[in-house]
Amino acid sequence: MNCRGKTLTLGARTHVMGILNVTPDSFSDGGRYLDVQQAVAHAKSMVAEGATLIDIGGESSRPGASPVSIDEELARVIPVIRAIVGAVDVLISVDTYKSEVARQALASGAHLINDITALRGDPAMASVVAEMEAGLILMHIKGTPRTMQKAPQYDDVVGEVCASLQESIQTAEAADVAAERIIVDPGIGFGKTAEHNIELLKRLTEFRSLNKPLLIGTSRKSFIGTVLGLPVTARVEGTAATVCWAITHGADIVRVHDVKANVRAAKMTDALYR
Ligand code: 9MG
């Protein structure tokens with residue numbers, strides 16, 4: 001997969017995407033300069049631990065989170081993207097559903113856009129990604145982060161998520177996003193109960209029918225806490241178990257907070273499975 005001149009080779013190994021949140025609650029100090037320095041240091045350490053992609057996000061998508069303005073999101077992510085692009089040699093993804101943030105992020109050196117609305121959040125997103133020849137992650141969400149965990153319901157969670165992603169693929173390709181630059185993601189935890197998340201993972205191979213690389217993000221999510229009875233700070237082993245499972249059921253990329261542990265788990269699973 002070629003994204004703005006940088007190549008991501010899929011199939012031979014699992015890629016680990018490290019999460020870099022640049023939201024106010026992710027830093028102890030509010031000063032922007034310090035934020036950038038801390039973000040670069042965190043990105044460098046994730047790359048040293050084996051991450052081959054870094055996902056930078058300036059708006060929280062946790063359950064109950066409220067949107068931020070375009071200007072605020074730009075102020076959070078653009079200086080960080082500029083600094084990280086010069087500091088590490090991996091693909092930079094930006095977690096945004098706003099086309100103006102995407103445009104400026106890609107112009108600042110990012111390679112792909114992680115759109116948690118799968119193109120339903122901003123009608124101009126697909127054409128920005130197409131024009132900039134960027135990669136595009138289409139993630140399924142039911143509702144919005146503010147409302148998504150208020151009793152989500154499906155008749156057939158896998159069938160509905162698959163159909164929704166297929167529609168988004170068609171929207172992307174109709175806007176001239178290159179077919180080989182699209183990645184899909186069922187959106188674990190986004191408008192899903194713990195049972196829905198487990199069913200999506202159990203039936204993950206069904207997403208092969210979309211014929212796109214598959215990204216899975218389970219890191220520290222609440223369904224792991226539900227199964228293990230553990231708080232968010234103690235979910236690294238539970239996350240690694242889901243990473244290994246996802247790899248053996250079709251995942252090409254895993255999005256995680258704890259890069260070192262999950263790179264080891266992924267490498268071992270690759271040796272056994274691929
Ligand atoms: C931003 N974000 C939080 N969780 C995510 C997930 O599971 N997938 C993707 N693509 N992005 C996510």
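For this chain, numbers begin at 1 and follow the sequence in order. Quick caveat, the model's predicted, so the values are computed rather than measured.
- Of all heavy-atom pairs spanning A266 and V243, the tightest one is CB-CG1, 4.5 Å.
- The minimum heavy-atom distance between A175 and A126, with the atom names listed, is CB-CB, 3.5 Å.
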Residue pair E73, E100: steps toward the side chain to side chain contact (heavy atoms under 4.5 Å, CB included) verdict | CA-CA 10 Å; E73 196 175 329; E100 185 53 30; over 6 Å; no
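- Note that the CD atom of Q149 and the CZ atom of R62 stand 13.5 Å from one another [nearest 0.5 Å].
- Transitive grouping of hydrophobic side chains (ILVMFWY, heavy atoms separated by less than 4.5 Å) brings L74 and L20 into a common cluster.
- Side chain of T226 to backbone of S222: a donor-acceptor contact under 3.5 angstrom is found.
- Other residues, nucleotides and ligands place no more than 12 heavy atoms under 6.0 Å from the CZ atom of R264.
- Between the side chain of T96 and the backbone N or O of A102, no donor-acceptor pair lies under 3.5 Å.
- Proximity of I183 to L112: side-chain heavy atoms (C-beta onward) are separated by under 4.5 Å at one or more points.
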Yes or no on side chain to side chain contact (heavy atoms under 4.5 Å, CB included) for L138 and L119, after CA distance, side-chain angles and deciding distance?
-> CA-CA 7 Å; L138 297 171; L119 300 179; 3.6 Å; yes
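- Within the structure, ring-ring contact (aromatic ring centres under 6.0 Å, His included) pairs that include any residue of residues 145-189 comprise Y154-H196 (at least two apart or interchain).
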With side chain to side chain donor-acceptor pair (under 3.5 Å) as the test, would you mind laying out the steps for D122 and S99 before giving the verdict?
-> CA-CA 6 Å; D122 182 337; S99 63; 2.8 Å; yes
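- Distance check: I253 CD1 to T52 OG1 gives 7.5 Å after rounding to the nearest 0.5 Å.
- Contact annotation: the side chain of L8 never approaches that of P213 to less than 4.5 Å [non-hydrogen atoms, C-beta and beyond].
- Remark: E206 engages V158, R203 in a side chain to side chain contact (heavy atoms under 4.5 Å, CB included) (not counting sequence neighbours).
- Side-chain heavy atoms closer than 4.5 Å link hydrophobic residues (I, L, V, M, F, W, Y) into clusters, and following such links, even through other members, never connects M139 to V254.
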Run the numbers on L136 and D115 for side chain to side chain contact (heavy atoms under 4.5 Å, CB included), then give the verdict.
-> CA-CA 7 Å; L136 177 62; D115 183 350; 4.3 Å; yes
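- Linking ILVMFWY side-chain heavy atoms closer than 4.5 Å, directly or via other members, places V90 and V80 in a single hydrophobic cluster.
- Pairs engaging residues 47-80 under the ring-ring contact (aromatic ring centres under 6.0 Å, His included) rule: none recorded [sequence neighbours left out].
- Counting only heavy atoms from C-beta outward, the side chains of R76 and D35 never approach each other to under 4.5 Å.
- A side-chain donor-acceptor contact under 3.5 Å links H15 to the backbone of T9.
- Closest of all the heavy-atom pairs between K202 and W245 is CA-CZ2, 3.9 Å.
- The minimum heavy-atom distance linking I188 with G217 is given by the pair CB-O, 3.4 Å.
- Note: I84 CD1 to I56 CD1 = 4.0 Å, rounded to the nearest 0.5 Å.
- Judged purely by atom type and a 3.5 angstrom limit, R181 uses its side chain to pair as donor or acceptor with the backbone of N2.
- A salt bridge links R220 with D258: the distance from a Lys NZ or Arg NE/NH1/NH2 to an Asp or Glu carboxylate oxygen falls below 4.0 Å.
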Start with the C-alpha gap between T239 and T242, add the side-chain angles, then the distance that decides, and say whether side chain to side chain donor-acceptor pair (under 3.5 Å) holds.
-> CA-CA 5 Å; T239 299; T242 62; 5.3 Å; no
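- Side-chain atoms of N197 come within 3.5 Å of backbone atoms of G189 as a donor-acceptor pair (strictly under, hydrogens ignored).
- Checked by atom type and distance alone, the side chain of K142 pairs as donor or acceptor with a backbone atom of Q153 at under 3.5 Å.
- Tracing side-chain contacts under 4.5 Å through hydrophobic residues (I, L, V, M, F, W, Y), one never reaches M1 starting from L214; they form parts of separate clusters.
- Once rounded to the nearest 0.5 Å, the distance linking CG of N262 with CD of E237 reads 10.0 Å.
- When all heavy atoms of P145 and I141 are compared, the closest pair comes out as CD-CD1, 3.8 Å.
- With sequence neighbours excluded, no residue forms a salt bridge (Lys or Arg N to Asp or Glu O under 4.0 Å) with D185.
- A donor-acceptor contact closer than 3.5 angstrom links the side chains of T147 and T144.
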Mind running side chain to side chain contact (heavy atoms under 4.5 Å, CB included) on T23 and V68 for me, showing each step along the way?
-> CA-CA 10 Å; T23 50; V68 297; over 6 Å; no
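- For the atom pair CG (L10) and CD (E180), the distance works out to 12.0 Å, reported to the nearest 0.5 Å.
- Of the possible donor and acceptor atoms, one in the side chain of S219 sits under 3.5 Å from a partner among the backbone N and O of H257.
- Within the structure, salt bridge (charged side-chain N to carboxylate O under 4.0 Å, His left out) contacts touching residues 49-61 (residues at least two apart or in different chains) are D55-R255, E59-K98.
- A salt bridge is defined here as a Lys NZ or Arg NE, NH1 or NH2 lying under 4.0 Å from an Asp or Glu carboxylate O, and E199 with K192 fails to meet this definition.
- Here the shortest heavy-atom pairing between A261 and V236 reads CB-CG2, 3.9 Å.
- T14 contributes no side-chain N or O that, together with a main-chain N or O of I247, makes up a donor-acceptor pair within less than 3.5 Å.
- In terms of the side chain to side chain contact (heavy atoms under 4.5 Å, CB included) criterion, residue partners of K6 (sequence neighbours excluded) are, by chain and number, D89, L91, H111.
- Hydrophobic clustering, with ILVMFWY side chains joined whenever heavy atoms are under 4.5 angstrom apart, keeps M17 apart from V40.
- Under a 3.5 Å cut-off, the side chain of R235 and the backbone N or O of I224 do not form any donor-acceptor pair.
- We find the CZ-OG1 distance between R13 and T269 to be 12.5 Å, quoted to the nearest 0.5 Å.
- Side-chain atoms of H249 and Y273, non-hydrogen and from C-beta on, never get closer than 4.5 Å to each other.
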